[in-house]
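Report on the structure given below.
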Amino acid sequence: MTENTGITYVKGDATAPQGKGVKIIAHVCNDLGGWGKGFVLALSRRWPEPEAAYRRWHRERAGNDFGLGAAQFVQVGDRLWVANVVGQRGMRTGSKGVPVRYEAIDAGLGRVAEKAGELGASVHMPRIGCGLAGGKWSRVEPLIAERLTRRGIPVTVYDH
């Protein structure tokens, strides 16, 4: 079902994106270099490269752009990419609130939009920022609409 956001919602697995053409699977990572819970496990079961690239990016962060709002693009197939978007500070909800950082997701989605434009790709994702990161979809969805679907980039969101 598509609401007025232009986002298509389907039941299914975001690691097996539907449709034709070049695709980017976008998901949210933390800023600590930790990869081990939630959607990343499904990614790692399918491809080793996104985790390896993320860990290297974090390890070498003194010399690169790793940080909140950054996005890393890892090619995992002929016409398939994974976007590691750094959109949460830390990993657990504590005294400072939930880990999700909407402004970082917003910035990261801007980078995803640029890459999708270059590749002529559609974008596929779970409900990013809303699992372990503790975010609210009502805050994330408008960012996706603003950064992606309003620019004509097709977006599919997968609910398991």
(request) Measure the shortest side-chain to side-chain distance between Phe39 and Ile25 over non-hydrogen atoms and say whether it is less than 4.5 angstrom. (result) yes
(message) Are Phe73 and Trp81, when compared by the centres of their aromatic rings, separated by less than 6.0 Å?
(response) no
(request) Check Pro154 against Ala121 and note the closest heavy-atom contact, atom names and distance. (result) CD-O, 4.3 Å
(message) Counting C-beta onward and ignoring hydrogens, is there a side-chain heavy-atom pair between Met125 and Leu148 closer than 4.5 Å?
(response) yes
(message) Looking at Thr149 and Ile7, would you say the former's side chain and the latter's main chain have a donor-acceptor pair under 3.5 Å?
(response) no
(message) Would a single hydrophobic cluster contain both Trp47 and Leu119, if residues Ile, Leu, Val, Met, Phe, Trp and Tyr are joined by side-chain heavy-atom contacts under 4.5 Å?
(response) no
(request) Applying side chain to side chain contact (heavy atoms under 4.5 Å, CB included) between Asn30 and each of Met91, Arg89, Lys37, report the one that passes. (result) Met91
(message) Is it the case that the side chain of His58 and the backbone of Leu32 share a donor-acceptor pair, with hydrogens and angles ignored and the cut-off at 3.5 Å?
(response) yes
(request) Output the distance between atom CG (Asp106) and atom CZ (Arg139), rounded to the nearest 0.5 Å. (result) 10.5 Å
(request) Find out whether Val157 and Trp137 are in side-chain contact, i.e. whether some heavy atom of one side chain is under 4.5 Å from a heavy atom of the other. (result) yes
(request) Report yes if some heavy atom in the side chain of Pro50 is under 4.5 Å from a heavy atom in the side chain of Asn84; otherwise report no. (result) yes
(request) For Ala116 and Val123, work out which heavy atoms get closest and say how close. (result) CB-CG2, 4.0 Å
(request) For Lys11 and Gln18, work out which heavy atoms get closest and say how close. (result) O-NE2, 4.1 Å
Side chains of residues 107-115: which donor-acceptor partners sit under 3.5 Å, not counting sequence neighbours?
from, atom 1, to, atom 2, distance (Å)
Arg111, NH1, Gly69, O, 2.4

(request) List the atom of Val85, the atom of Ala71, and the distance in Å for their closest heavy-atom pair. (result) CG2-CB, 4.2 Å
(request) Rounded to the nearest 0.5 Å, what's the gap from CD1 on Ile105 to CD1 on Ile128? Could you check? (result) 5.0 Å
(message) Do Val86 and Val98 sit in one hydrophobic cluster, given that two such residues count as connected whenever their side-chain heavy atoms are within less than 4.5 Å of each other, even indirectly?
(response) no
(message) According to a hydrophobic-cluster definition based on side-chain heavy atoms being under 4.5 Å apart (Ile, Leu, Val, Met, Phe, Trp, Tyr only), do Tyr54 and Leu43 belong together?
(response) yes
(message) For Trp57, is there any backbone N or O sitting under 3.5 Å from a side-chain donor or acceptor partner on Gln72?
(response) no
(message) To the closest 0.5 Å, what do you measure between OG1 (Thr5) and CD (Glu146)?
(response) 12.0 Å
(message) What's the separation between atom CZ in Arg127 and atom CD in Glu141, rounded to the nearest 0.5 Å?
(response) 7.5 Å
(message) Is there a side-chain contact between His27 and Val82 in this structure, where contact means two heavy atoms from C-beta onward sitting under 4.5 Å apart?
(response) yes
(request) Nearest 0.5 Å please: distance from the NZ atom of Lys136 over to the OH atom of Tyr102. (result) 6.0 Å
(request) Might you confirm whether atom CZ of Arg151 has over 12 heavy atoms from other residues, nucleotides or ligands at distances under 6.0 Å? (result) yes
(message) Any non-hydrogen side-chain atom of Gln88 less than 4.5 Å from a side-chain atom of Asp31?
(response) no
(request) Taking the side chain as every heavy atom from C-beta outward, state whether Arg46 and Leu80 have any atom pair closer than 4.5 Å. (result) no
(request) Of all the heavy-atom pairs spanning Ala104 and Gly87, show the shortest one and how long it is. (result) CB-CA, 3.9 Å
(request) Search all heavy atoms of Ser44 against all heavy atoms of Trp35 and return the closest pair with its distance. (result) OG-NE1, 2.8 Å
(message) How about CZ on Arg55, more than 12 heavy atoms from neighbouring residues, nucleotides or ligands closer than 6.0 Å, or not?
(response) yes
